[in-house]
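Both ligands and their constituent atoms are indexed starting at 1 by order of listing. If you read the sequence from its start, that first residue is 1, and numbering goes on from there.
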Amino acid sequence: MTGLHVSTHPLIQSKVSRLRDERTSPAEFRQLIRMLAVLLGHEATSDLPLRTEPVRTPLKETTGHRLAENVAVVPILRAGLGMAEGLLDLIPEACVWHVGLYRDETTLEPKTYYNRLPHRANSTLALLVDPMLATGGSAVRACELLRKSGIERIRLLSILAAPEGVERMRTQMPDVPIFTAALDDRLNEVGYIVPGLGDAGDRQFATDPNLI
Ligand code: PRP
Ligand code: URA
């Protein structure tokens, strides 16, 4: 799987609209992020390899399946945390590697403040999660850190993507497929996605400086 995958699923589209709505409360926002991560995760994992194993039902032994590879969920803090919950609902056996990045407000370049990627990873596929792909700086930085940890296979799951971020990922990380719920119009002059949903971290964690 390569390239950009923009979901057309009706459940995803309707949930994205509720997420965008400025009246949506932080509690509902968190719930929507989690459910959208489950739905996007379903699309992003549809081709994962399986291995067979015997399973005994109450009636007889039959052939069962389990994932053939170890998966790591990699949330970009803060806003990726809610998506990680949804991915863990889907793949409870996944390990979670946290990466803390924030955007410098002036340059919009990412600053790394936390890195819990393993020195030697036993997972072969990383599902990188962040609801917003804006300039793409944070996603590219997280991919670079993953590559340094020896992870070659990465899939990026975002909820909203801007064309600018998609282009940057395509140029700098061409072999990382992107799964997104919506491809928006553009970035505004301060690097926010338009029409977007505002600040994904503040809306999830009720830290909008105008409201606290
Ligand atoms: C937001 C968002 C992404 C990043 C996207 O995080 O969650 O990580 O911006 O922007 P980019 O594509 O231009 O890099 P932010 O820096 O606001 O940090 P936060 O999640 O802690 O609020
Ligand atoms: N980060 C956000 O939270 N929202 C945007 O629109 C862009 C980056």
For ligand 1, output the ligand-protein N/O contacts shorter than 3.5 angstrom; if there are none, return none.
residue, atom, partner, partner atom, Å
ligand 1, 7 (O), Asp130, OD1, 3.0
ligand 1, 8 (O), Asp130, OD2, 2.4
ligand 1, 12 (O), Ala134, N, 2.9
ligand 1, 12 (O), Thr135, N, 3.1
ligand 1, 12 (O), Gly136, N, 2.9
ligand 1, 13 (O), Arg103, NH1, 2.8
ligand 1, 13 (O), Thr135, N, 2.9
ligand 1, 13 (O), Thr135, OG1, 2.5
ligand 1, 14 (O), Ser138, N, 2.9
ligand 1, 14 (O), Ser138, OG, 2.6
ligand 1, 16 (O), Arg103, N, 2.8
ligand 1, 20 (O), Arg78, N, 3.1
ligand 1, 20 (O), Ala79, N, 3.2
ligand 1, 21 (O), Arg78, N, 3.3
ligand 1, 21 (O), Arg78, NE, 3.1
ligand 1, 22 (O), Arg78, NE, 3.4
ligand 1, 22 (O), Arg78, NH2, 2.9

Looking just at side-chain N and O atoms, do Arg103 and Ser138 make a donor-acceptor pair shorter than 3.5 Å?
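Absent: no donor and acceptor within the cut-off.
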Between the side chains of Thr62 and Arg56, is a donor N or O closer than 3.5 angstrom to an acceptor N or O?
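No.
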Flag the pair Glu109 and Arg168 as a salt bridge only when some basic side-chain nitrogen lies within less than 4.0 angstrom of an acidic carboxylate oxygen.
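A salt bridge links Glu109 with Arg168.
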Does Asp175 pair with Arg155 as a salt bridge, N-O distance under 4.0 Å?
no
Would you say ligand 2 has an N or O under 3.5 Å from any N or O of Met132?
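No, since none of the N or O atoms of Met132 sits under 3.5 Å from an N or O of ligand 2.
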Heavy-atom closest pair, residues Val140 and Met173
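Of all heavy-atom pairs spanning Val140 and Met173, the closest is O-CE, 4.1 Å.
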Checking a contact table here: which protein heavy atom is nearest [atom], and how many Å away?
| atom | answer |
| --- | --- |
| atom 5 (C) of ligand 2 | Tyr192 CD2, 3.4 Å |
| atom 8 (C) of ligand 2 | Arg103 NH2, 3.4 Å |
| atom 6 (O) of ligand 2 | Ile193 N, 2.8 Å |

Considering only heavy atoms of Asp199, which atoms of ligand 2 have at least one such atom less than 4.0 Å away?
3 (O)
Atoms of ligand 2, numbered as shown, that sit under 4.0 Å from any heavy atom of Ala134:
7 (C), 8 (C)
Heavy atoms, side chains only, cut-off 4.5 Å: are Asp184 and Pro195 in contact?
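Answer yes - side chains close enough.
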Does a side-chain heavy-atom distance below 4.5 Å link Asp208 with Arg203?
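Sidechains of Arg203 and Asp208: no contact.
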From Gly165, Gly191, Ala200, Pro131 - option closest to atom 7 (C) of ligand 2 by heavy atom:
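Of the listed residues, Gly191 has the closest heavy atom.
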Nearest option to atom 4 (N) of ligand 2, as decided by whichever heavy atom of Pro195, Gly137, Gly198 sits closest
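The nearest heavy atom belongs to Gly198.
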A quick test of your reading: do over 12 heavy atoms of other residues, nucleotides or ligands sit less than 6.0 Å from CZ of Arg147?
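Result for CZ/Arg147: enclosed.
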For the residue pair Phe179 and His5, categorise the inter-ring angle as parallel (less than 30°), tilted (30 to 60°) or perpendicular (more than 60°).
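Answer is parallel, since the angle falls under 30°.
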Are the side chain of Glu164 and the backbone of Leu187 linked by a donor-acceptor contact shorter than 3.5 Å?
yes
